[in-house]
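Everything on this sheet refers to the single structure shown next.
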Amino acid sequence: VALNVSVVYINSPEPGVLLRAEAKEVGLTRKTATYAITVTDENEKIIATCQALAYRKGEPLPFL
């Protein structure tokens, strides 16, 4: 469950370009997890960055 999400849009992607998002877990407690996410285009140009704080329910995700 998302507690807080902050997105910074740095560049606009070209139409039709494939985007890639990479998330890294940077903090983990019993009840929360913090992630740093970077979105890049096919040429590895940074499109956006994101910092997210999630509440951990202790249940497996239904799609995994």
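Computed from heavy atoms alone, side chains included, the values below leave out hydrogens, waters and symmetry copies.
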Show me, pair by pair, the donor-acceptor contacts under 3.5 angstrom made by side chains of residues 47-64, not counting sequence neighbours?
unit_1, atom_1, unit_2, atom_2, d
Arg56, NH1, Thr29, O, 2.6

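- The distance from atom CG of Leu3 to atom NZ of Lys31, rounded to the nearest 0.5 Å, is 11.5 Å.
- With a 4.5 Å cut-off on side-chain heavy atoms, Ile46 and Thr38 count as touching.
- In this structure, the side chains of Thr34 and Glu25 stay at 4.5 Å or more apart for every pair of heavy atoms.
- Tyr9 and Val5 end up in the same hydrophobic cluster when Ile, Leu, Val, Met, Phe, Trp and Tyr side chains are linked at under 4.5 Å.
- Without hydrogens or angle criteria, Asp41 side chain to Asn43 main chain gives a donor-acceptor distance under 3.5 Å.
- For the atom pair CZ of Arg20 and CD of Glu42, the computed distance is 12.5 Å after rounding to the nearest 0.5 Å.
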